Amino acid sequence: MEAVRAENLFKTYGHGATEVKALLGVSMVAHAGEVVALLGPSGSGKSTLLTGLGLLNPPEKGTIDLMGERVLEDGKAFGDLAALRRSRIGFVFQKSNLIPFLSAHENVRLILALNDQMGPETYTRSQELLEYLGVGNRSRHFPEELSGGEQQRVAIARALAPAPPLILADEPTAALDSQRGRAVMELFRKVAREQGTAVVVVTHDHRTLDVFDTIYEMEDGVLSRAEKTA
Amino acid sequence: MNLAMKDLRRQKVSFSATALGLGLLFAIVLAMGGIYRGLVEDATLLVDHLGADIWVVQRDTRGPFAERSTVPPALEDRLRAQAGVASARSFSTATIQRIVGARSLRMTVVGLSWPEDKGQALPLVSGRHLRDPHREVIADRSLGLALGEILPLGDETFRVVGLTQGMLSSGGDGLVFSTELDARAILNWQAPEAKRVEREGRLARLAGTELDSISNQDRLRDERFSPPTLAPFPANAILVNLRPGASIEEVQRGLEAWPDVTAYTAQEQRDLLLKGVVEKSRKQIGLFRALLAIVSGIVVTLILYNMTVAKTHDIALLKLLGARSSVVVKLVLNQGLLLGALGYGFAILIAKFLFPLFPRRVLLGPGEYLGVGMLVLILVTLASAAGIVRALRIPPTLILAG
């Protein structure tokens, strides 16, 4: 089952002399349960592709399908993009980006509340996810009281809470040491395998490429599939 | 999930301090209204309390509260003979300042028409009403006098037999009630030497009078002759009450024909007081209040705008996670309303516990509280709008920029 399919995406920033072509006919697919890496130097267009797939910064041309449903075509949205984001896409960032005034538990429940889920089952769901990710005992702590690794685990729990078919992660291990970084990447694979979620990760960390099922390389707005070497 | 409350949970102290600052501002807005109402109340207190139908004053003056008005007490008798008049009583009042012990007391002396009025209608908080026609007074508590305290005024000493609360003149001075005769004596008191000089002056003028000069000279030479007494002390007004069924307008018209007096209805006297004594204060307080409301509005707007700016990252994250605009609007608006409500709560507490300590009366009724409450609601709603506009413009991609 294809969680996300992007076809022939084009995105340009600026005009005239300052024009930058960030995406030049990019196509890619991520299946349910698959972990996909996006590699490439800074300014190659990785983040533009990720924000395009995340329906934050729609490309001018091309199509994006989520779970087989067309959500974007040549810049035109089909449906409420914010609603699609909160129900079908989970986000994990370089920094955990947890809401500082909410506890770990509340950060996870927040995304459920945004999806109009407010019953007692949200407490159970949140606690289960935190325990699943190994931070169940930290559920009442606030982000500032958690380590970087713990914060990232809470962020992943938040991304998983509405059971989205797609998780987009933008350099999620950049702020972590190699050991914790690897643990997070392995967590993504575990989530993909056990939850059936497609996970697309922008990364510079070549030491963890063995974790990924598919690797794409981006250069000057052009995406190509790379061979796994490990 | 109430994000506004969750956010405030983490910044209780700074939020409360901000609300307290706003509360002080709102309290001043409340105080301005209360001071104005206090002014009106103080100004009209006596007119309302005395309950006269018609105030008869010196011709072409505006009565004892607006300017100096003197009428002879004998005018009472002429008025009693007037058709429709049930009673007429002299009324004297003036503000005096005396040193009592180590204190400088500024008080407004008011004469009560003995024996009909012994101060029964006065709201006593302790002591009793007048029992003796002389040398007893009822004083307002604001003067700091104690029951039984002796007050030397003029030639006499007066015992404080009762205490009132909130009985102030239009100038904010505490009222002291005595019998009318005592009031006149207090207000017109002259030192014995001044009286002697005045009498000598009268004698000298009499001696120089050509008319009946022979008999005057004889009288002056007569050892049994005593110098003429001074004229009885004048009153400031005569208060008239009408018989049941008598027309105020008709009696007033009749009195207007008298060449030496002017007659006002109680309502006219009230209006004169408000226009004369209170009008300028009202305008000044009104302007000051409007300025304060504008300052409060600017302060609230800045606070809420800055609170929103401080949450830029969190709002961008919420939007990236797909939060509806209403979630962001609620976050900003709820905090604005909470800040306003807490600030207003502080303002009410300040009004309750601090305003009674003010030297002038601050009179707040439900209308005043409701009015300022509505003003706070409007201010925080408008101020929140600035924050909301800012919040809705925050792009969700800001998160990805690091």
Side-chain angles (χ1 to χ4, degrees), chain A residues 46-52 54-58 80-103 105-118 122-123 126 142-145 155 158-159 161-162 164 168-171 174-175 202, chain B residues 1-19 303-304 306-339 342 387-388 391-402:
Chain A
K46 300 186 303 294
S47 292
T48 302
L49 176 58
L50 205 73
T51 54
L55 310 178
L56 287 163
N57 187 16
D80 179 357
L81 294 186
L84 287 167
R85 273 206 305 280
R86 66 175 171 261
S87 61
R88 296 198 191 179
I89 304 172
F91 291 92
V92 181
F93 311 97
Q94 182 175 335
K95 286 185 274 180
S96 66
N97 277 318
L98 298 173
I99 302 274
F101 53 82
L102 298 180
S103 66
H105 210 301
E106 289 165 342
N107 262 288
V108 178
R109 281 179 50 230
L110 170 67
I111 190 73
L112 297 171
L114 294 180
N115 280 292
D116 299 325
Q117 295 173 42
M118 285 177 245
T122 61
Y123 286 88
S126 156
F142 287 88
E144 66 186 16
E145 299 162 346
R158 179 181 66 191
L168 300 174
D170 189 10
E171 299 189 44
V202 168
Chain B
M1 188 180 288
N2 190 329
L3 290 174
M5 287 300 284
K6 302 269 184 199
D7 183 23
L8 299 185
R9 183 180 59 178
R10 299 281 290 169
Q11 40 176 326
K12 281 181 214 140
V13 175
S14 63
F15 189 79
S16 302
T18 308
I303 289 171
L304 290 178
N306 285 330
M307 280 172 73
T308 308
V309 169
K311 278 195 284 290
T312 297
H313 185 267
D314 303 332
I315 290 169
L317 178 62
L318 281 170
K319 291 170 107 176
L320 187 143
L321 294 175
R324 296 176 182 89
S325 295
S326 61
V327 172
V328 177
V329 170
K330 260 194 230 168
L331 171 63
V332 178
L333 186 62
N334 282 351
Q335 288 201 338
L337 292 174
L338 277 168
L339 188 67
L342 195 57
I388 288 167
L392 292 178
R393 284 186 182 158
I394 295 171
T397 47
L398 197 72
I399 291 294
L400 305 170

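Here is how names work: the chains are called A, B, and so on, in the same order as the sequence lines, proteins then strands, and each is numbered from 1. Model, not experiment: these values are computed from the prediction.
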Exercise. Which answer fits A/Pro100, side chain, backbone, both or neither, if we ask what part of it has an atom under 4.5 Å from a heavy atom of chain B?
Worked result: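 A/Pro100 touches chain B through backbone and side-chain heavy atoms alike.
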
Problem set entry | A/Glu171 portion near chain B, given a 4.5 angstrom heavy-atom threshold | neither

Exercise. Measuring heavy-atom distances to chain A, does B/Leu321 have an atom under 4.5 Å in its side chain, in its backbone, in both, or in neither?
Worked result: both

For this session: Select one option (side chain, backbone, both, neither) describing which atoms of B/Leu8 are under 4.5 Å from chain A's heavy atoms.
Result: neither

Exercise. Has B/Lys6 got more than 12 heavy atoms of other residues, nucleotides or ligands less than 6.0 Å from its NZ?
Worked result: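 For B/Lys6, atom NZ is crowded (more than 12 foreign heavy atoms under 6.0 Å).
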
Exercise. Would a 4.5 Å heavy-atom cut-off, applied to side chains only, mark A/Arg109 and A/Leu102 as touching?
Worked result: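 Not in contact.
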
Problem set entry | Greatest number of heavy atom pairs closer than 4.5 Å to chain B - which of A/Phe101, A/Phe91, A/Phe93 | A/Phe101

For this session: For chain B, find which of A/Thr51, A/Leu110, A/Asp170, A/Ile111 contributes the most heavy-atom pairs closer than 4.5 angstrom.
Result: A/Leu110

Problem set entry | Salt bridge A/Asp116-A/Arg86, side-chain N to carboxylate O under 4.0 Å | no

For this session: Drop me the distance from A/Leu98's CG to A/Asn107's CG, to the nearest 0.5 angstrom.
Result: 4.5 Å

Exercise. Is the backbone N or O of B/Ala4 less than 3.5 Å from a side-chain atom of B/Asn334, with the two atoms forming a donor-acceptor pair by type?
Worked result: no

